[in-house]
Amino acid sequence: MNDQARTTLPAPRLLRPWLLLVATGLAAACGGSQKDGEADPETSAKKPNVILITLDTVRADYLTCYGATTGSTPAIDGLASEGTIFERAVSSSGLTPASHATILTGKFQYNHGVRVLSADSGFKLEDEHETLATKFKEAGYRTAAVHSAFPVSATFGFDRGFDHFDSFTASLEAKPGRDKVSWDVQTFQRRSDETTERTVSWLDEAVGDAAQQDQPFFLWIHYWDPHDPVKLPPGDSWGPLMNSPELKDIADRQTREYAGEVRWQDQNIGTLLTALRTKGLLDNTVMAVTADHGQGLEDGMELHRWSNHRMLYREQVHVPLILRGPGVPAGQRLTDQVRTADVAPTLLDLAGISPIDGRIDGESLVPRIEGQSGGDLWAYGEQINGYDFNAGMWKHRPDATFLFMVTDGEWKLIYKPSMPNMSELFHVGIDPKEVRNVIGEHPEQVERLLANLSERNPWVTEPFPMTEMSSEADGGKSDILISLGYSAADKGTGNWWWTCPRHTEVHSDKRQRCPEEGCDRILIPMVQWEEPAPK
Ligand SMILES: [Zn+2]
Ligand SMILES: [Zn+2]
């Protein structure tokens, strides 16, 4: 890319202020070093608090700091101007639990294993994976989560490591006559005013103000409003928003209400920031604001025939990423492509805590924040809609049965093994809105990006199996699913085979390297996909 890596002058390397305090304190106390996980209240109290805010379903371009024209979002814009904003952050999925698992672990789906919302397995973050919560808890932090909807709950394994977990318990049910397994969206969500109120109550009770604070905290707040219009803001806020000059003329109702809910949510984030400021907590708090995915809306419908999520176009995967607090320079805008997988490594780094164990896909963005340009990072994304009981959509959009995305920031491939001829290549360096599919014109790019996908081996070539754990945990619910025609085995009759991106005449029944003379490429999967027979 010829883009300048940054639009402000490189900042000098900053010494994180708390580091100095810790170092001085330790030298005075014992002169020794202290290992992670053996937090001493004296020193850990000086570590920064960390707040992670995930905005469900919020596209970057609906925030003013990312160029929105739908009215201002002053609270988030304020965080951006007091901190560092990443202009090109990419999420790993258009699906809430899968994407949140990436944010919390720094891993992509083929590594953390949360790939669907509902199936016999493949929806839960297993205990072997460390998360931001388990890491901060180990390091002596008080940990809390306050949520606004069911898809980030304990059902998906996100409760581990939290002292306080204010979430939802719902069940996924197959209703006769519906084409998918779903949860009760009416009941199991709350508005951002209530979420903020509950968060501030927790701060009052568990933390107090800066003078009273005896332990640093890690707090994850999940907001939901723009996901759907089920719980609209109260009339005295909603009326003026809908009648504001920026919104009143938007003809598409979904888009108008979406923009209104983003602004309403921002007002409540403003309330939260005021509370943190009043308590004197804001200055010693690292804040990260990001989203799990975006939403198609009116332009997504026009460009890509899709107004919702569960896809991997820019409308779904270009998300905000803003950092503010100790160690983060103010007023900086970075243009390198980064991933939501980088959030966890970055927050741990900013707090001086050791990285998550095992194979991590993300990396700390601290060197970039401190002035080193690293260039664009490869981003990955997927949708395993065809094996997700909650995804009815692939029946009207069969090309979206399975989607695998990879982008180096200049080119982006969406590979569709169930309908390979519908795969898409965008030259995002010159076509950021992904208007023109140029897959027929650049076979060398297709091959290069497919090779990157193959190396990752992200493929899911059969339904998620029933495990001992899942059959126990669902209390026989799967029997109901099977009787309604939702058993994994009945879901489609995918018949997968493998081929070489260069030698398409090669057919293999397993993943291996191309047997053609002088060709070493790893084969890619293709599938003959048929809809399940009606019951
Ligand atoms: Zn979501
Ligand atoms: Zn070959």
Notebook entry, point to check: Ring centres of Y141 and F218 under 6.0 Å apart?
Noted result: no
Item checked: Flag if over 12 foreign heavy atoms under 6.0 Å of CD, E194 -> yes
Check: In Å, rounded to the nearest 0.5 Å, how long is the span from CG of N111 to OG1 of T105?
Finding: 7.5 Å
Next item on the list: Consider only side-chain N and O atoms of Q189 and D228, and report whether a donor and an acceptor are under 3.5 Å apart.
Entry: yes
Note to self: Less than 4.0 angstrom from a charged side-chain N to a carboxylate O is my criterion; do E87 and R333 meet it?
What the structure shows: yes
Note to self: Would you say the rings of W202 and F217 are close, in the sense that their centroids are separated by under 6.0 Å?
What the structure shows: yes
Margin query: Quick one about Q109 and R115 (side-chain donor to acceptor, distance below 3.5 Å, no hydrogens or angles considered), yes or no?
Written below: no
Next item on the list: Give the C-alpha distance, both sets of side-chain angles, the deciding distance and a yes or no for side-chain hydrogen bond (donor to acceptor under 3.5 Å, both in side chains) between S192 and D225.
Entry: CA-CA 7 Å; S192 52; D225 313 68; 3.1 Å; yes
Next item on the list: Indicate whether any N or O donor in one side chain lies under 3.5 Å from an N or O acceptor in the other, for S92 and E382.
Entry: no
Notebook entry, point to check: Is it true that a side-chain atom of N243 and a backbone atom of G239 form a donor plus acceptor pair closer than 3.5 Å?
Noted result: yes
Next item on the list: Run through M311, H293, M405, H309 and flag the one making a side chain to side chain contact (heavy atoms under 4.5 Å, CB included) with V317.
Entry: M405
Next item on the list: Compute the centroid of each ring, for F402 and then for W459, and state whether the two points are separated by less than 6.0 Å.
Entry: no
Check: Does L377 offer a backbone N or O that forms a donor-acceptor pair with the side chain of Q337 under 3.5 Å?
Finding: yes
Check: Quick one: CG on L297 to CG on L303, what's the gap to the nearest 0.5 Å?
Finding: 11.5 Å
Next item on the list: Could you go through the side-chain contact (heavy atoms from CB on, under 4.5 Å) check for V114 and H129 one step at a time?
Entry: CA-CA 11 Å; V114 180; H129 298 283; over 6 Å; no
Next item on the list: Before accepting this row, confirm whether a basic side-chain N of the pair K412/E424 lies closer than 4.0 Å to the acidic partner's carboxylate O.
Entry: no
Margin query: Between T64 and T73, is there a side-chain donor-acceptor contact under 3.5 Å, judged purely by atom types and distance?
Written below: yes
Notebook entry, point to check: Any luck finding a side-chain donor-acceptor pair between Y110 and R456 under 3.5 Å?
Noted result: yes
Check: Is the Y387 to F123 ring centre distance short of 6.0 Å?
Finding: no
Next item on the list: Measure centre to centre between the rings of F165 and F158, then say whether the value is under 6.0 Å.
Entry: no
